[in-house]
2 protein chains.
Amino acid sequence: MNAPSPDRSRTRRPGRAARAHGKRSREAILDAAESLLAERGFAGTGIAAIRERSGLPASSIYWFFENKEDLAAAVVERAMDRWTKMLGETRDTAPPGELFDRLMRRALDEMGHALPPFLRLEMMLALERGAQDPALLARLRAGRETGRRMTEDALADAFSKLGDRARPLAADLSSLAIAWTQGALVGHLLDPERIDLDALADELGVALAAVADHRLKRERSP
Amino acid sequence: MNAPSPDRSRTRRPGRAARAHGKRSREAILDAAESLLAERGFAGTGIAAIRERSGLPASSIYWFFENKEDLAAAVVERAMDRWTKMLGETRDTAPPGELFDRLMRRALDEMGHALPPFLRLEMMLALERGAQDPALLARLRAGRETGRRMTEDALADAFSKLGDRARPLAADLSSLAIAWTQGALVGHLLDPERIDLDALADELGVALAAVADHRLKRERSP
DNA sequence: ATCGTATTGGAACGTTCACTACACTAGATT
DNA sequence: AATCTAGTGTAGTGAACGTTCCAATACGAT
């Protein structure tokens with residue numbers, strides 16, 4: 001009916017989904033690997049465990065991924081993409097002036113319910129593999145940097161009354177905001193009764209405002 | 001000379017240090033295991049690696065410790081003891097009114113230079129093994145609780161002008177202070193250039209004061 | 001000098017590890 | 001109908017794992 005296949009060289013059209021389970025199997029493997037890596041870390045997660053949890057044989061795992069490291073990197077990449085997308089959506093729908101509050105609240109909310117696996121994943125891999133696998137560390141850093149830059153924008157928005165001081169201050173405090181948020185989340189994981197995530201979004205804003213004030217004062221009179 | 005050994009049953013006097021290298025070997029194994037566990041986690045640390053780094057054969061490791069888990073527990077115990085001792089000393093030598101500042105500064109200072117291995121150890125084992133090894137998790141929690149209680153004392157001291165509100169507020173904020181400190185330290189590990197540990201002791205105090213204020217205000221007018 | 005015992009050295013144990021080889025099937029293409 | 005290939009199933013590979021065994025050692029006490 002339509003244009004006949006040109007027979008010069010084997011230009012196989014890559015779309016068309018060859019076998020039904022292709023992408024679905026890949027996702028199943030990534031799902032299994034993600035939860036296992038978050039639970040047990042890289043060294044603690046065996047291919048056998050991924051095979052069991054995903055229901056797919058080892059040969060399929062090695063069909064989609066070069067080796068265990070490559071699989072872990074793919075897991076991180078997918079998780080980072082989800083995270084970035086969520087942050088972007090929040091930013092695009094929040095009214096100005098409330099950006100920081102919304103962002104923090106959304107992050108805490110999301111993390112408090114669905115994302116501890118992701119948080120665990122990031123921390124575990126950073127701590128365990130960061131020193132040995134620079135490529136993975138770079139990927140983790142890139143994801144962290146994306147989050148940081150969005151936090152910086154949100155803080156600049158929150159500090160907008162400070163004029164041209166707002167931006168550098170926001171850049172400076174964004175790392176602190178992320179670090180503190182992350183610390184609180186880890187605290188919540190280790191000791192859920194003592195860290196009240198609901199109260200935190202408010203209080204982090206208050207705390208950062210106080211630190212900003214402190215820094216500005218020190219800037220004037222060293 | 002002294003009392004002759006009573007021959008009823010084999011009551012061997014346990015003191016007296018039998019072989020010269022006994023305790024020293026045990027410490028060497030603990031040292032090697034501690035650094036390796038902090039670097040690579042539990043699953044990532046093999047007995048072979050501990051043997052190499054400590055210079056002692058596997059049989060010695062299994063002479064002093066029942067198995068790998070027991071060794072990890074001993075590592076944690078020793079690290080926690082050091083930590084507790086250091087905090088206690090700081091508390092006992094700090095003048096009242098400056099307790100919190102001193103404690104935070106000392107903790108950050110110590111951690112910034114000597115203790116990242118310890119921090120890594122705590123976090124890695126908590127994240128990696130916590131779910132599977134309740135005894136280890138309990139030990140980690142106990143150490144964390146000791147630190148928290150000392151922080152609570154220090155904060156109560158800092159808030160002393162608030163009278164009888166000081167203590168509950170201090171108890172409440174101590175967890176937050178620890179979580180934030182820990183978050184900042186992890187941030188420093190992942191991104192050393194962006195988190196300035198030296199500035200943090202000041203600013204954490206400022207931030208906590210602001211949060212305390214915020215909570216008191218909300219308490220009055222809900 | 002001899003003995004007992006706290007350690008060490010080294011070689012094994014069975015199991016699990018990451019990974020591979022290869023026959024095979026299902027669905028798309030011809 | 002025949003062919004092709006993305007993906008699956010099974011059975012394996014050598015290496016590394018945690019752990020054990022036991023002979024060899026060296027020191028303290030006798």
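Labels below follow one simple rule: chain letters A, B, ... track the order of the sequence lines, proteins then strands, and each chain is numbered from 1. Since the structure is predicted, the reported quantities are computational estimates derived from the model, not experimental observations. The basis for the numbers below is simple: all heavy atoms, side chains too, and nothing from hydrogens, waters or symmetry mates.
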> B:K68 has an atom NZ; how far is it from atom P of D:dC17, in whole Å?
Replying inline: 9 Å
> D:dT19 P sits how many Å from B:L71 CG, rounded?
Replying inline: 10 Å
> Going by modelled atom types, is there a donor-acceptor pair between the base of D:dG7 and the side chain of A:S60 at under 3.5 Å?
Replying inline: no
> Which part of the nucleic acid does B:L56 contact within heavy-atom distance under 4.0 Å: base, sugar-phosphate only, or nothing?
Replying inline: sugar-phosphate
> Can a donor-acceptor pair under 3.5 Å be found between the side-chain atoms of B:S59 and the base atoms of C:dG9?
Replying inline: yes
> Tell me: CG of B:D70 to C1' of D:dT19, nearest whole Å?
Replying inline: 14 Å
> More 5' along DNA chain C: B:I29 or B:A58, using each one's nearest nucleotide?
Replying inline: B:I29
> Given D:dC17, D:dT20, C:dA6, which nucleotide is nearest the side-chain atoms of B:W63?
Replying inline: C:dA6
> In terms of side-chain heavy atoms, does B:R148 have a donor or acceptor partner in B:S174 at a distance below 3.5 Å?
Replying inline: yes
> What is the distance from CZ of B:R51 to P of C:dA12, rounded to the nearest Å?
Replying inline: 15 Å
> What is the distance, rounded to the nearest whole Å, between atom CD1 of B:I50 and atom C1' of D:dT19?
Replying inline: 13 Å
> Whole-Å distance between D:dT19 P and B:N67 CG?
Replying inline: 5 Å
> Checking all strands, does B:I47 fall into the base, sugar-phosphate, or nothing category for heavy-atom contacts under 4.0 angstrom?
Replying inline: base
>> Please determine whether a side-chain nitrogen of the Lys or Arg among A:R120 and A:E34 lies less than 4.0 Å from a carboxylate oxygen of the Asp or Glu.
In response: no
> For B:Y62 and C:dG9, what is the distance between atoms OH and P respectively, to the nearest whole Å?
Replying inline: 17 Å
>> From CZ of B:F65 over to P of D:dT20, roughly how many Å is that when rounded to an integer?
In response: 15 Å
>> I'd like to know if B:R149 pairs up with B:E152 as an ion pair, taking the criterion as any Lys NZ or Arg NE/NH1/NH2 lying under 4.0 Å from an Asp or Glu carboxylate oxygen.
In response: no
>> Using every non-hydrogen atom in the two residues, find where A:S54 and A:A28 come nearest and quote the distance to one decimal.
In response: CB-O, 3.8 Å
> Is a salt bridge present between B:D31 and B:R24, judged by a nitrogen-to-oxygen distance below 4.0 Å?
Replying inline: no
> Taking the side chain of B:P57 as heavy atoms from C-beta outward, which of D:dT19, C:dT8, D:dT10 is closest to it?
Replying inline: C:dT8
